[in-house]
Amino acid sequence: MSPTVRIAPPLTTDLDGLLHSGCTGTTMASYQPRDVVFSQGDAADSVKYLEDGMVKLSVSSRSGQEAVVAMLRPGAFFAESVLVGDAVRRESATAVTGASVLSIPKVEMVRLLREKHEFSDRFIAHALARSIRLEEDVVDQLLNSCEKRLARALLLLGHRDN
């Protein structure tokens with residue numbers, strides 16, 4: 001059975017207004033294609049939110065092999081492992097297109113999750129959708145032919161839900 005392709009729902013419920021006006025210590029950065037947002041092994045102190053553009057998450061082995069973990073679109077959170085105590089980044093993030101990335105300090109993100117219930121619900125929904133997508137990717141890799149995996153990858157790039 002082939003897994004269903006799902007794309008995490010964008011977090012747009014006045015999220016931009018909340019993150020820009022209701023947060024302290026947030027910073028916005030703009031990146032050009034191939035600019036590094038952060039590298040694997042960098043200190044982790046904030047959660048990132050992709051407002052515009054596309055970002056690639058990848059992991060590198062000691063021998064230099066790279067595996068792409070995710071291609072993120074606007075409305076995606078990433079680097080959220082800081083919330084569970086990771087002191088360093090597990091992956092690298094690189095801009096694929098021009099991108100605008102909001103950096104939310106860990107302390108501020110925890111406060112938002114505790115105090116803003118609608119925000120918390122949307123963040124949890126986003127995290128669960130991404131977790132399910134990763135499970136589907138593993139199943140796809142283990143059970144499907146290279147032709148089916150290519151078809152799935154093309155559908156994901158084309159924003160198709162099924």
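In what follows, residues are counted from 1 in the order of the sequence shown.
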Notebook entry, point to check: Does the side-chain contact (heavy atoms from CB on, under 4.5 Å) test come out yes or no for V59 and Q65, once each step is laid out?
Noted result: CA-CA 8 Å; V59 177; Q65 291 179 307; over 6 Å; no
Item checked: salt bridge (charged side-chain N to carboxylate O under 4.0 Å, His left out) partners for E147, two or more places apart -> none
Checklist line | Pairing residues for E91 by the salt bridge (charged side-chain N to carboxylate O under 4.0 Å, His left out) criterion, not counting sequence neighbours | finding: none
Checklist line | Sequence neighbours excluded - salt bridge (Lys or Arg N to Asp or Glu O under 4.0 Å) pairs with any residue from residues 58-68 | finding: K56-E66
Quick check: is [Y] connected to [X] through a chain of hydrophobic side chains (ILVMFWY, heavy atoms under 4.5 Å apart)?
X	Y	value
V82	V110	yes
V107	I104	no
M28	M109	yes

Notebook entry, point to check: Any luck finding a side-chain donor-acceptor pair between S100 and D52 under 3.5 Å?
Noted result: no
Notebook entry, point to check: Regarding S39 and S92, is there a side-chain donor-to-acceptor distance under 3.5 Å anywhere?
Noted result: no
Give, for atom [atom1] of [X] and atom [atom2] of [Y], the distance between the pair rounded to the nearest 0.5 Å.
X	Y	atom1	atom2	answer
L50	F77	CG	CZ	10.5 Å
M54	M71	CE	CE	4.0 Å
T27	L102	OG1	CG	7.0 Å
S120	R114	OG	CZ	10.5 Å
R89	D42	CZ	CG	7.5 Å
T97	R73	OG1	CZ	11.0 Å

Notebook entry, point to check: Under 4.5 Å between any side-chain heavy atoms of K48 and V101, yes or no?
Noted result: yes
Check: With respect to L113, which candidate in I124, V47, D121, L83 satisfies the side chain to side chain contact (heavy atoms under 4.5 Å, CB included) definition?
Finding: L83
Item checked: R130 bridged to E80 by N-O distance under 4.0 Å -> yes
Next item on the list: Just say parallel, tilted or perpendicular for the rings of F123 and H126, cut-offs at 30° and 60°.
Entry: tilted
Margin query: Please verify the inter-ring angle class for F38 with F78; under 30° counts as parallel, over 60° as perpendicular, anything in between as tilted.
Written below: parallel
Notebook entry, point to check: Where the side chain of S60 meets the backbone of G64, is there a donor-acceptor pair that is under 3.5 Å apart?
Noted result: no
Item checked: Donor-acceptor under 3.5 Å (S103 side chain, T26 main chain) -> no
Note to self: How close do A93 and L57 get, counting heavy atoms only, and between which atoms?
What the structure shows: CB-CD2, 3.7 Å
